[in-house]
> 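So that we are looking at the same thing, I have put the structure below in structure tokens.
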Amino acid sequence: MIRLGLRRTWIGPIRLALTLLGLPYTICESGSRLPILCSSSQSLRNSKSITASTCNCYMTSAQTMSSAAALHVKSRCPQYPGSQIKRFTVPDDKVDWTQEWAQYSPVNYTDPAVTKRPLWADPDIGASSLRFNTLDGAVDRTSFEGSYKVEQGKPLNPRGRTGLAGRGLLGRWGPNHAADPIVTRWKVDAKGKKISHPVTKRPILQFVSIKRRDCGEWAIPGGMVDPGEVVSLTLQREFSEEALNSLAATPSERAKLQEHITKLFSSQGFQVYKGYVDDPRNTDNAWMETITVNFHDETGNSVSELPLQAGDDAGQVQWVDVDSSFPLYASHSLFLEMVAKERHAHW
């Protein structure tokens, strides 16, 4: 293990170099201290430890820098969500951009809510000079998938064709970065003993799930990373707003919620996933990417004690058993399967 004190301006170039070399690393920042970069040639586990507290530590490894490039499916759903727009049908063998397809003629669609230029949305291509594959002001336009192509001024989805051009419901051209906190606890009986599944004999995990208002599907609470925002803060903010409805709480209630949230999110979690999300909102020119982190309430005396209350973006919120038969939004089932395997729990 190598530990180096770094100037902040050195972090980006050194992190890029280590990634290209396939070396795992950790970067920690705490108060006014210089960041610390730790590198090791030892192989790391697929799950990566993160401490989301005043010292924000991100550990990654070569094995999990990019997700497996499986064909996206939900990104090619026949009808675009929240609209009557039909996608141009894309068969599996034509998804990859390297496949010649002169007949490809996707519908160009950007939702009116996006074209009205809210704060979270980009201007149209040509109306402003956007810089892709880099940090564009406060907006991070880099992709977890690596460098993506830009044709005629528009970024191309790194996973291939979707049957729809434009931005759809997404605000950013190119990658739209989100953060999804998976908050879990053990399912226990009246005496506090873990309950095991009758077939697998493994203990059952429960996670906080919200029912999305836009499509009615159950999902992990989460949301978009604001420009310049630290991901650990996004994880806490989105969970508080969507699962605990902190925005509607009184100042005293909010203080109590914050105490419990801080306790949970300052515990050691692990990064479940970092990469492209097979999301029905994706288009040829705009797509979702996320960092998913699991925070586990091992003793059940943290978030488990708080009454769940759905926020504005959620219709319902509740503790749900982690099980392969429970259908979830986008790629969320994949994330829960990873958590179950990490915790040696039923799936």
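Note that these values count all heavy atoms, side chains included, but never hydrogens, waters or copies made by symmetry.
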> Yes or no on side chain to side chain contact (heavy atoms under 4.5 Å, CB included) for His72 and Asn157, after CA distance, side-chain angles and deciding distance?
CA-CA 11 Å; His72 51 198; Asn157 189 316; 4.1 Å; yes

> Only one of Asp323, Asp321, Thr184 forms a side-chain hydrogen bond (donor to acceptor under 3.5 Å, both in side chains) with Gln206, so which one is it?
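Of all the options given, the one that passes is Asp321.
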
> Distance only, no hydrogens: is a donor on one side chain within 3.5 Å (strictly under) of an acceptor on the other, for Ser128 and Asp122?
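Asp122 and Ser128 do not have a side-chain donor-acceptor pair below 3.5 Å.
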
> Looking only at atom types and distance, does a side-chain atom of Glu289 sit under 3.5 Å from a main-chain N or O of Phe144, one as donor and one as acceptor?
yes

> Aromatic contact between His197 and Trp347, with the criterion being ring centroids under 6.0 Å apart: yes or no?
no

> Are the side chain of Glu253 and the backbone N or O of Thr250 linked by a donor-acceptor pair below 3.5 Å?
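Yes: the side chain of Glu253 pairs with the backbone of Thr250.
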
> Between Val73, Val277, Leu336, which is the residue that forms a side-chain contact (heavy atoms from CB on, under 4.5 Å) with Ser331?
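Between Ser331 and the candidates, side-chain contact (heavy atoms from CB on, under 4.5 Å) is satisfied uniquely by Val277.
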
> Given side chains that start at C-beta, do those of Lys86 and Val107 come closer than 4.5 Å, heavy atoms only?
no

> Following the transitive rule for hydrophobic clusters with a side-chain heavy-atom cut-off under 4.5 Å over Ile, Leu, Val, Met, Phe, Trp and Tyr, establish whether Leu156 and Tyr109 coincide in one cluster.
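Hydrophobic grouping puts Leu156 apart from Tyr109.
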
> Same hydrophobic cluster for Trp218 and Ile204, using side-chain heavy-atom links shorter than 4.5 Å among ILVMFWY?
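In one cluster with Trp218: Ile204, no.
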
> Between the side chains of Arg343 and Asn294, is a donor N or O closer than 3.5 angstrom to an acceptor N or O?
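There is such a pair (donor and acceptor under 3.5 Å, judged by atom type) between the side chains of Arg343 and Asn294.
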
> State plainly whether the residues Arg76 and Asp92 are in salt-bridge range, i.e. N to O under 4.0 Å.
yes

> Step by step, would you call Ile125 with Leu130 a side chain to side chain contact (heavy atoms under 4.5 Å, CB included)?
CA-CA 8 Å; Ile125 295 292; Leu130 303 179; 4.2 Å; yes

> Taking all heavy atoms of Pro106 and all of Leu164, pick out the closest pair and write down the distance.
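Shortest heavy-atom separation between Pro106 and Leu164 comes out as CB-N, 3.8 Å.
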
> I'd like to know if the side chain of Glu242 and the backbone of Gly222 have a donor-acceptor N/O pair within less than 3.5 Å.
yes

> Would a 4.5 Å heavy-atom cut-off, applied to side chains only, mark Thr234 and His177 as touching?
no

> Is Arg185 close enough and on-axis enough to Trp319, meaning under 6.0 Å and within 45°, for cation-pi?
yes

> Which atoms form the tightest heavy-atom contact between Ala345 and Trp186, and what is the distance?
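Scanning both residues completely, I find the closest heavy atoms to be CB-CZ3, 3.8 Å.
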
> Salt bridge or not for Asp189 and Lys191, using N-O below 4.0 Å?
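The answer is no: the pair does not qualify as a salt bridge.
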
> Short question: side chain of Asn285, backbone of Gly166 - any donor-acceptor pair under 3.5 Å?
yes

> Given the rule in the side chain to side chain contact (heavy atoms under 4.5 Å, CB included) test, do Met288 and Met224 qualify, once you have shown the distances and angles that lead to the verdict?
CA-CA 9 Å; Met288 289 296 303; Met224 309 307 295; 3.7 Å; yes

> Indicate the ring-plane relationship of Tyr148 and Phe132, choosing parallel, tilted or perpendicular according to the 30° and 60° boundaries.
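Answer is perpendicular, since the angle exceeds 60°.
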
> Kindly say whether Ser83 contributes a backbone atom to a donor-acceptor pair with the side chain of Gln79 at under 3.5 angstrom?
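Yes: the side chain of Gln79 pairs with the backbone of Ser83.
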
> Can you tell me how far apart CH2 (Trp97) and CG (Asp284) are? Round to the nearest 0.5 Å.
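Taking CH2 in Trp97 and CG in Asp284, the distance rounds to 3.5 Å.
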
> Hey, what do you get for CG (Asp136) to OG1 (Thr142), rounding to the nearest 0.5 Å?
11.0 Å

> Indicate whether any N or O donor in one side chain lies under 3.5 Å from an N or O acceptor in the other, for Tyr273 and Asp180.
no

> To the nearest 0.5 Å, how far apart are CG in Leu328 and CD in Glu337?
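The CD atom of Glu337 is 11.5 Å from CG of Leu328, to the nearest 0.5 Å.
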
> Using side-chain heavy atoms (C-beta onward) and a distance below 4.5 Å, is Pro81 in contact with Arg281?
yes

> Between Glu259 and Lys263, does any NZ, NE, NH1 or NH2 come within less than 4.0 Å of an OD or OE carboxylate oxygen?
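Salt bridge: no.
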
> Would you say the side chain of Thr283 lies within less than 4.5 Å of the side chain of Thr110, judging by non-hydrogen atoms?
no

> Please lay out, stage by stage, how Val208 and Leu308 fare under the test side chain to side chain contact (heavy atoms under 4.5 Å, CB included).
CA-CA 9 Å; Val208 175; Leu308 299 179; 4.3 Å; yes

> Would you say the side chain of Arg202 lies within less than 4.5 Å of the side chain of His344, judging by non-hydrogen atoms?
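Yes; the side chains approach each other to less than 4.5 Å.
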
> Is there side-chain contact between Tyr329 and Ile210, with heavy atoms separated by less than 4.5 Å?
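With C-beta onward as the side chain, the pair stays apart.
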
> Side chains of Val139 and Arg172: does their closest heavy-atom pair fall under 4.5 Å?
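They are in contact (side-chain heavy atoms under 4.5 Å apart), so the answer is yes.
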
> Of the non-hydrogen atoms in Val320 and Ser209, which two are nearest, and what is the gap between them?
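Answer, listing the atom of Val320 first, then Ser209: CG2-CB, 3.8 Å.
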
> Checking the side chain of Tyr80 only, and the main-chain atoms of Leu169 only, is there a donor and an acceptor separated by less than 3.5 Å?
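Checking the backbone N and O of Leu169 against the side chain of Tyr80, a donor-acceptor pair under 3.5 Å is found.
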
> Taking the six-membered ring for Trp, are Phe270 and His296 closer than 6.0 Å centroid to centroid?
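No; His296 has its ring centre 6.0 Å or more from that of Phe270.
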
> For the residue pair Phe207 and Phe326, does the interplanar ring angle fall in the parallel (under 30°), tilted (30 to 60°) or perpendicular (over 60°) class?
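Plane angle over 60°, so perpendicular.
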
> How long is the span from the NZ atom in Lys154 to the CG atom in Asp124, to the nearest 0.5 Å?
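Reported value, rounded in 0.5 Å steps: 7.0 Å.
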
> In Å and rounded to the nearest 0.5 Å, what is the CD to NZ distance from Glu217 to Lys74?
6.0 Å

> Closest heavy-atom contact between Asp140 and Leu135?
CA-CD1, 3.6 Å

> May I ask you to check whether Thr262 and Gln258 show a side-chain donor-acceptor distance below 3.5 Å?
yes

> List the atom of Pro155, the atom of Trp287, and the distance in Å for their closest heavy-atom pair.
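Closest approach of Pro155 to Trp287: CB-CH2, 4.1 Å.
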
> Would a single hydrophobic cluster contain both Trp101 and Leu71, if residues Ile, Leu, Val, Met, Phe, Trp and Tyr are joined by side-chain heavy-atom contacts under 4.5 Å?
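Linked within one cluster.
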
> Taking atom types as modelled and ignoring hydrogens, do the side chains of Thr162 and Asn282 form a donor-acceptor contact shorter than 3.5 angstrom?
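Asn282 and Thr162 do not have a side-chain donor-acceptor pair below 3.5 Å.
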
> Using 30° and 60° as the class boundaries, would you call the ring planes of Phe88 and Tyr104 parallel, tilted or perpendicular?
perpendicular

> Just wondering, do Phe239 and Phe265 contact through their side chains at under 4.5 Å, heavy atoms?
yes

> Determine the minimum heavy-atom distance between Ile220 and Phe335, stating which atoms define it.
CD1-CD1, 4.0 Å

> With Arg237 as reference, evaluate Ile261, Asp226, Val225 under the side-chain contact (heavy atoms from CB on, under 4.5 Å) test and give the passing residue.
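It is Asp226, the one option of Ile261, Asp226, Val225 that forms the side-chain contact (heavy atoms from CB on, under 4.5 Å) with Arg237.
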
> Which distance, rounded to the nearest 0.5 Å, do you find between the CG of Leu334 and the CG of Asp278?
10.0 Å

> So, Arg87 side chain and Ser75 main chain: donor-acceptor pair closer than 3.5 Å or not?
yes

